[in-house]
Amino acid sequence: MPVLRGRGVGEGCCQNGTTSNNLGPTDTCFQEESCQPSTEASERTMTNKTQEVVGIHFPFPFPPYPIQKDFMAELYQVLEAGKIGIFESPTGTGKSLSLICGALSWLRDFEQKKQQEEARLLEPGADPLGGGKDQPPFSSTSCQEPPDTLRPAGEPDWVTQFVQKKEERDLVERLKEEQIRRRKREERLQQTRHNAQLKYATKRLRQEEEETESLLRLSREMLAAGTEAEQLEQLESGEEELVLAEYESDEEKRTARGVDEDEDDLEEEHITKNLCVNEDVKNLGSVQLINDRCMEIQRSKHEKKNRAEEDKPKKRRQETKAACPFYNHEQMQLLRDEILVEVKDMEQLVTLGKEAWACPYYGSRFAIPAAQLVVLPYPMLLHAATREAAGIRLQGQVVIIDEAHNLIDTITGIYSTEVTGSQLCQAHSQLLQYMERYGKRLKAKNLMYIKQILYLLEKFVAMLGGNIKQNPNTQNLSKTGTELKTINDFLFQSQVDNINLFKVQRYFEKSMVSRKLFGFTERYGAVLPSSQFQPKLTGFQHFLKSLQPGVTEASATPVEEDEARAPRPTSPLMHIEGFLAALTTANQDGRVILSRQGSLSQSSLKFLLLNPAVHFAQVVKECRAVVIAGGTMQPVSDFREQLLACAGVEAERVVEFSCGHVIPPDNILPLVICSGPSNQQLEFTYQKRELPQMMDETGRILCNLCNVVPGGVVCFFPSYEYQRQVHAHWDKSGLLARLAVRKKIFQEPKRASQVEQVLMAYSKCITSCGQVGGTVTGALLLSVVGGKMSEGINFSDDLGRCVVMVGMPYPNIRSPELQEKMAYLDQTLPRAPGQALPGKALVENLCMKAVNQSIGRAIRHQRDFASIVLLDQRYARPSTLAKLPAWIRDRVEVKATFGPAFAAMRKFHREKSGPS
């Protein structure tokens, strides 16, 4: 749940998602590591020092650098003008701190201006038009409309005056109502602080009495209706939660009620209830069961309210459920007010919820509209269903996306999904067994949709060339390879184009059938107690176990059996639910990839999103202003063309800002080296990079660099496979031993769990070598572009005195996904005269983004220094150099031969490593 901070009703909402920095539970701003000199920071108190830049006061905990002042001033102007900003500030320059301070300064001034204007308008005899000036009246919602909106031309003056007068009256009325609401909330908060404990205790006692009375009444009714209950098959304790409730489509509900009702504001379907304080629910253990139970007891509360209005009683199994005592609207409203008083962390929210007998999860959700700052991961913001479920509204807000260099890939990844043949067969078998178990208890609508889902699964497996009724591990497909189809072609050829996928998707969301099915399989994961279904479900579980990829009875070890028995994090039907939702995308914006890999279990159906702008368009359309920021945003053309232009953003609304680094220009030495010590031309193409002479030349270059570079050297390779090949070749040729004379060699591990261990050993080695002295002067870390060391890891000071990039890490051009994306851009985006096709530009941009992320790992603070070596003559091309960050590009030296490059390296490190 996001961290919330509120002071009354705030119109602006600054949303900042990041993976490398987290806003602490009691912090209002934060600063990246070492963005200010550490010695100065230790001598300086952390009290806020107001800085004034072009007439704007910025609360900053340190005297800001000039680039930070420029950053905040430009950010302020972007928010004030309601534009889209692309901000680039190198890693280590305090980017996140500048973002928060600049945005909150604007929000402070915006609130102050609004209050001043409200006070002026509410004065007796005040002129809402500001003394007759030709300005539109100020309004709290004016940020949602462009300030230069004009009235239709040709209207008579009396019509214009009438409309203006009406707007004036409406505005004053709205302001008066808003003041009354604020006053009432403050009064309620003061009263709550005095008598909250007494009120909560009284309410709890009354609730317990009502629940006891209700249970006694229900028991009498159940005894009286025993004959009716015997007509249905007996369910075990807790099993009633697994049965689907009666389902009505939206059209049926509107027809039955005769009105178009809004959906329940409190409904929550996709967010984990990680703040639950109901012990009976928490003890269920499984996250899915907790979510399911939470929804059930909410629904029970609403059913009890409506029972008196209904002609026929509810099912007996539903009447026995008790509503959650913490799910009380009035108590959660009071909890919301307490949350908005000051920032609280998760533990404080839980404690407060227990004391107030109010659900802290929903109480904090209620606080979101009134909060002035909401911090959340940006994938949560970008996924529409998750955003809406969390109560995040974008209209008129300010959205700031930090660490946005992967924004396009993130949106594509969120809405692209893949299901395997094994998952399709698992889901079909599970759902079929579920229907057999509870078929007599399910209403016609539920059975109809379940059969439609079963039909879809069967046809999808048939599209891969398999049979839904057979074990996918033993099904060898006659046709292999990859096939790409449009959405319409896929639906037509799989013979499911007659099914309304929008209604099926809605059924998934409202019925929560995926959760019910997951609870069913989790409950009967080992043995089904009922003798009637024992043979069926034992065989069912045996079949499910056989569906585990690569596991057979003969090959299974005790460890593998334990892993197979472990609960799965999600059910196969949940993955398929996402795939079905993706198939509702417009035909031109996505593709379906059929991957047949020999056996059905290894084959898959993948939906590929081609146009991420369709999901970003709502953000830029509804928000007052959007800022996407990162340490490395180059090449910016991707954001402008693929994301903003395709989302309908006019070029005039986009503002670009890129600042330099805090280090002096001579603290970096970027070199492009075109040939090695033996004059071997360096061009690491797929055809040449595996040649022995190319790998030998790379080793000789590193040996020379390690002789003059102190501390740590980080060398990036294009892929794990190429790193393995080079390491094996150096080991065989003796180059590895030569490298080890000066640097201890470490390799980036493939397992994420081992990264911390390798980094600690690497750091310890460098520290000890600097203290002891000797021939070994540090360490060499062999890493991979796009791997675990290329993002989020800081090689500051001696940990990264030199960063080496071997070759250009182009993506796999043979990838069907990349080829389709290139073709889509060639057809969609205009080609500028003299420039490459958009598809080819995409490949170049993907390469350079990866390079920029990797080489930016070394410089972390003002007094840091490092050399950057790009080993490939293709880096010398002007079009490639133009895509480097400005603070690196302006200092790049292209060396055609190795001699001058080595001399420059030796001179640089001698000067920088000398006595300080």
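- Between S96 and D402, the shortest heavy-atom contact is OG-OD2, 2.5 Å.
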Verdict with reasoning, V714 to S854, per side chain to side chain contact (heavy atoms under 4.5 Å, CB included): CA-CA 10 Å; V714 184; S854 299; over 6 Å; no
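- Salt-bridge formation is detected for the pair E403/K95: a Lys NZ or Arg NE/NH1/NH2 atom is positioned less than 4.0 Å from an Asp or Glu carboxylate oxygen.
- Between atom CG of residue L609 and atom NE2 of residue H615 there is a gap of 5.0 Å, rounded to the nearest 0.5 Å.
- Qualifying salt bridge (charged side-chain N to carboxylate O under 4.0 Å, His left out) partners for D666, counting only residues two or more places apart in sequence or in other chains: K912.
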What do the steps show when you test L104 against F58 for side chain to side chain contact (heavy atoms under 4.5 Å, CB included), and what is the final call? CA-CA 9 Å; L104 292 183; F58 295 103; over 6 Å; no
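- A salt bridge links K113 to E80: at least one charged side-chain nitrogen sits closer than 4.0 Å to a carboxylate oxygen.
- R889 places a side-chain N or O within 3.5 Å of a backbone atom of A882 that can act as its donor or acceptor partner.
- For C101 against M72, the heavy-atom pair with the smallest separation is CB-SD, 3.9 Å.
- Atoms CZ and CZ, on F865 and R801 in that order, are 3.5 Å from each other to the nearest 0.5 Å.
- Annotation: side chain of L643 is in contact with side chain of I411 (closest heavy-atom distance under 4.5 Å).
- Side-chain atoms of Q618 and R387 include a donor-acceptor pair closer than 3.5 Å.
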Test salt bridge (Lys or Arg N to Asp or Glu O under 4.0 Å) on R640 and E656 and set out the steps. CA-CA 10 Å; R640 275 190 170 274; E656 292 182 25; 2.3 Å; yes
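- The shortest distance between side-chain heavy atoms of V892 and L884 falls below 4.5 Å.
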Give the intermediate values and the outcome of side chain to side chain contact (heavy atoms under 4.5 Å, CB included) for residues D70 and C659. CA-CA 8 Å; D70 296 341; C659 62; over 6 Å; no
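- Taking every heavy atom of both residues into account, P830 and P838 meet most closely at O-CG, 4.1 Å.
- What you find for I668 and F908 is that their closest heavy atoms are C-CE1, 3.9 Å.
- Sorted by first and then second residue, the pairs that involve residues 382-404 and meet ring-ring contact (aromatic ring centres under 6.0 Å, His included), not counting sequence neighbours, are H383-Y415.
- Residues passing the salt bridge (charged side-chain N to carboxylate O under 4.0 Å, His left out) test with K883, sequence neighbours excluded: none.
- In this structure T880 satisfies the side-chain hydrogen bond (donor to acceptor under 3.5 Å, both in side chains) test together with E844, R877, sequence neighbours excluded.
- Between V399 and I628, the closest side-chain pair of non-hydrogen atoms is not below 4.5 Å.
- Within the 4.5 Å cutoff, the side chain of C646 has no heavy atoms near those of the E641 side chain.
- Taken to the nearest 0.5 Å, the CG atom of D864 stands 8.0 Å off from the NE2 atom of H661.
- I855 and L870 make their closest contact through CG2-CD2, 4.3 Å (heavy atoms, listed as atom of the first residue, atom of the second, distance).
- Between V649 and V654 there is a side-chain heavy-atom pair separated by less than 4.5 Å.
- For residues 627-647, no residue pair satisfies the ring-ring contact (aromatic ring centres under 6.0 Å, His included) rule, not counting sequence neighbours.
- Rounded to the nearest 0.5 angstrom, S89 OG and L97 CG are separated by 10.5 Å.
- Looking only at side-chain heavy atoms (C-beta outward), K849 and P635 come within less than 4.5 Å of each other.
- In this structure, CD on Q634 lies 5.0 Å from CD on E88, to the nearest 0.5 angstrom.
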Evaluate I86 against V655 for side chain to side chain contact (heavy atoms under 4.5 Å, CB included), listing each step before the verdict. CA-CA 6 Å; I86 303 176; V655 175; over 6 Å; no
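- Here the closest non-hydrogen pair linking P885 and T632 is CG-CG2, 4.2 Å.
- Note: I888 CD1 to D890 CG = 10.0 Å, rounded to the nearest 0.5 Å.
- Every residue meeting the ring pair (Phe, Tyr, Trp, His ring centres under 6.0 Å) condition with F657, not counting sequence neighbours, appears here in chain and number order: F71, F87.
- Proximity of M805 to V785: side-chain heavy atoms (C-beta onward) are separated by under 4.5 Å at one or more points.
- Residues V627 and V78 are in side-chain contact: their nearest non-hydrogen atoms beyond the backbone lie under 4.5 Å apart.
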